[in-house]
Amino acid sequence: MNIRTVSTTPFGDQKPGTSGLRKKVAVFQAPNYLENFVQAVFDTIDIPAGATLTLGGDGRYLNREAIQVILRMAAANGFGRVLVGQGGILSTPAASCVIRQYRTFGGLILSASHNPGGPEGDFGIKYNTPNGGPAPEKITDAIFARSKVLTSYRIVVAPDIDLDRTGKQAVGGMSVEVIDPVADYAELMESLFDFAAIRELIAGGFALCFDAMHAVTGPYAKEILERRLGAPAGSVINGVPLEDFGGGHPDPNLTYAHELVAIMFDIGAPDLGAASDGDGDRNMVLGRGFFVTPSDSLAVIAANATLAPGYAGGIAGIARSMPTSAAADRVAQKLGVPCFETPTGWKFFGNLMDAGKVTLCGEESFGTGSSHVREKDGLWAVLFWLNILAKRRQSMEQILADHWAVFGRNVYSRHDHEALPTDVANGIMDQVRAAFATLPGKAFGNFRVKVCDDFSYTDPVDGSVSTGQGLRIIFEDGSRIVFRLSGTGTEGATLRIYLEAFEGDPARQRGDAQLLLAELIAIADAISGLKARSGRERPTVIT
Ligand code: G1P
Ligand code: ZN
């Protein structure tokens with residue numbers, strides 16, 4: 001093997017967040033930037049001789065070039081084999097599936113999730129550990145520390161491999177297997193859900209529209225929904241992954257998935273609409289003229305889990321992030337299983353799943369998943385809904401109405417105030433924090449404050465403590481207002497306000513969330529001084 005050691009000047013800005021290192025494409029194109037980070041990962045993880053690595057990405061601009069570089073570096077750093085998705089493609093949940101199925105020594109996933117792609121867009125890279133989940137903070141901190149001091153990286157001199165040809169090739173002395181990126185994941189889905197029942201549902205005229213947003217889930221959705229489940233060609237829209245996602249913002253929410261939203265709220269809408277993000281881990285599901293909040297989606301999946309063969313034996317427990325509504329808690333209580341409330345971010349679910357404490361987990365930010373992998377999983381959530389619909393033979397709206405009639409409705413909305421000046425956002429948070437001393441017992445119209453706190457979490461598995469996770473104001477009837485600063489925004493500060501009110505009266509449950517929450521919205525402003533401090537009349541995004 002012809003290994004070269006190349007000098008590099010360390011970069012100071014390679015701190016991976018919970019979702020890996022994300023930067024503008026131009027930053028990743030700087031000489032040695034990618035190589036420096038990859039070497040820092042390889043130096044940190046203690047590679048067993050001859051180990052196998054999983055490698056793939058969401059197909060965005062720079063994906064293919066980065067994969068060729070990483071293959072040469074993996075060969076020079078002692079890996080014996082790499083499994084790489086054909087065309088350089090692996091969705092985030094599929095990468096997690098491949099890592100677990102072939103017991104590889106983790107994987108490198110190239111993605112900036114829902115951030116725009118293309119030469120002007122973002123690129124990203126993250127290391128997932130052998131359990132298939134994102135590396136915990138102690139590993140990402142060590143990678144960052146290493147990235148700041150290393151002075152050279154190792155790479156073999158070898159030609160590019162043919163990423164489009166499946167089968168075995170070699171880089172230096174290392175074996176590279178180009179694998180079908182969809183097959184293993186599709187098999188896993190088929191083992192969890194009742195494909196025969198879904199096929200029958202679709203054959204009976206049930207119509208669906210899956211918007212892949214020109215991102216990674218196109219080939220997965222076409223294979224599973226159209227080929228294996230028989231949905232008519234064209235049920236998957238925007239199904240060809242493009243390096244710039246067609247210029248769009250591949251984030252499945254009411255704002256960015258507007259093409260799908262327009263279809264679902266038009267005459268002749270299909271029975272189910274769904275979308276996924278850049279790397280395939282987020283999901284949004286819609287009924288005909290009807291939006292299912294991610295919090296409700298988690299609760300409905302939990303309440304109906306045993307309808308899916310992979311969950312027929314019941315679930316061990318549920319975990320939800322703190323800002324996610326308590327709808328799932330009510331289901332957990334009825335099922336007699338534990339419900340964990342974790343800080344925002346998927347990484348907190350991994351420990352609980354590895355310890356067998358939970359089966360299902362979800363976040364209000366369009367993330368739902370289970371212990372079948374260690375990432376949230378967009379298409380999995382859609383298939384779960386299809387499985388439920390195939391068994392219950394009701395509309396999505398009817399399923400929700402029935403659910404609320406049994407459990408009550410946790411009316412829910414998130415208001416985002418994006419790109420605020422940092423000092424304004426901090427001022428709003430400070431005002432809320434300062435009010436904590438006087439709020440308990442205070443009445444606002446029909447609502448009386450019970451407690452307020454800055455959420456902190458002690459991991460029940462490893463005992464680690466996370467503080468400062470969001471300001472909670474909890475009212476006596478269980479309604480809540482949560483103020484939290486985003487950890488992923490890129491411009492100024494993003495303030496998120498999460499609003500939740502419990503509605504037990506079936507006659508009022510089907511009302512519009514913004515109307516049902518109007519009083520809480522006004523209370524949030526009164527406590528935080530948001531309008532006066534920001535000079536803004538309304539949020540930039542309402543979910
Ligand atoms: C956002 C979401 C959070 C999710 C994260 C990564 O983080 O709110 O639930 O885990 O993206 O996808 P935030 O910007 O709120 O820190
Ligand atoms: Zn994502």
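In this chain, residues are counted from 1 in sequence order. Note that ligands are numbered from 1 as they come in the structure, with each ligand's atoms numbered from 1 the same way.
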State the atoms of ligand 1, each with its element, that fall below the 4.0 Å cut-off from a heavy-atom position in G345. 10 (O)
Side-chain heavy-atom pair L83, L53 within 4.5 angstrom cut-off: no
Tell me which N, O or S atom of D277 sits nearest to the Zn ion (ligand 2). OD2
Counting only heavy atoms closer than 4.0 Å, does ligand 1 sit against the backbone of K376, its side chain, both, or neither? side chain
Is there a polar contact between ligand 1 and L485, counting only N or O atoms under 3.5 Å apart? no
Relative to F502, does R330 satisfy both conditions: NZ or CZ under 6.0 angstrom from the six-membered ring centre, and within 45 degrees of the ring's axis? yes
Under a 4.0 Å heavy-atom limit, does E418 contact ligand 1 with its side chain, its backbone, both, or neither? neither
Would the distance check show the side chain of R414 and the main-chain N or O of I497 forming a donor-acceptor pair, the cut-off being under 3.5 Å? no
Test item: T494 side-chain N/O and S486 main-chain N/O as donor-acceptor pair under 3.5 Å: no
List ligand 1 atoms under 4.0 Å from G487, heavy atoms only on the residue side. 13 (P), 14 (O), 16 (O)
Short list, please: which atoms of ligand 1 are under 4.0 Å from a heavy atom of T344? 3 (C), 9 (O)
Please determine whether S113 has a backbone or side-chain N, O or S atom lying under 2.8 Å from the Zn ion (ligand 2). yes
Any side-chain heavy-atom pair of K376 and P93 under 4.5 Å: no
Short N/O distance, under 3.5 Å, between E363 and ligand 1? yes
So, 4.0 Å and heavy atoms of G367: is ligand 1 close enough to count as a contact? no
Would you say R496 and ligand 1 have an N/O pair spaced under 3.5 Å apart? yes
N/O separation below 3.5 Å, S486 to ligand 1: yes
Contacts satisfying ring-ring contact (aromatic ring centres under 6.0 Å, His included) that involve residues 348-376 (not counting sequence neighbours) are W346-F349, F348-Y457, H372-W380
Does any pair with a residue in residues 210-221 pass side chain to side chain donor-acceptor pair (under 3.5 Å), and if so which ones, sequence neighbours excluded? D211-N238, H214-N238
Taking NZ, NE, NH1 and NH2 as the nitrogens, is one of them in R472 or D453 under 4.0 Å from a carboxylate oxygen of the other? yes
E364 CD to D296 CG distance, which is reported to the nearest 0.5 Å: 12.5 Å
Per residue D281, nearest N, O or S atom to the Zn ion (ligand 2) is named OD1
For the atom pair CZ (F483) and CE (M429), what is the distance rounded to the nearest 0.5 Å? 8.5 Å
For ligand 1, which is the ligand I care about here, please tell me if R484 has any N or O atom under 3.5 Å from one of the ligand's N or O atoms. yes
Under 4.0 Å to a heavy atom of S365 - the qualifying atoms of ligand 1, by number: 2 (C), 3 (C), 4 (C), 8 (O), 9 (O)
Heavy-atom gap R414 to ligand 1 smaller than 4.0 Å: yes
What's the atom name of the N, O or S in D279 nearest to the Zn ion (ligand 2)? OD1
Would you call the rings of F193 and F384 parallel, tilted or perpendicular, taking 30° and 60° as the class edges? perpendicular
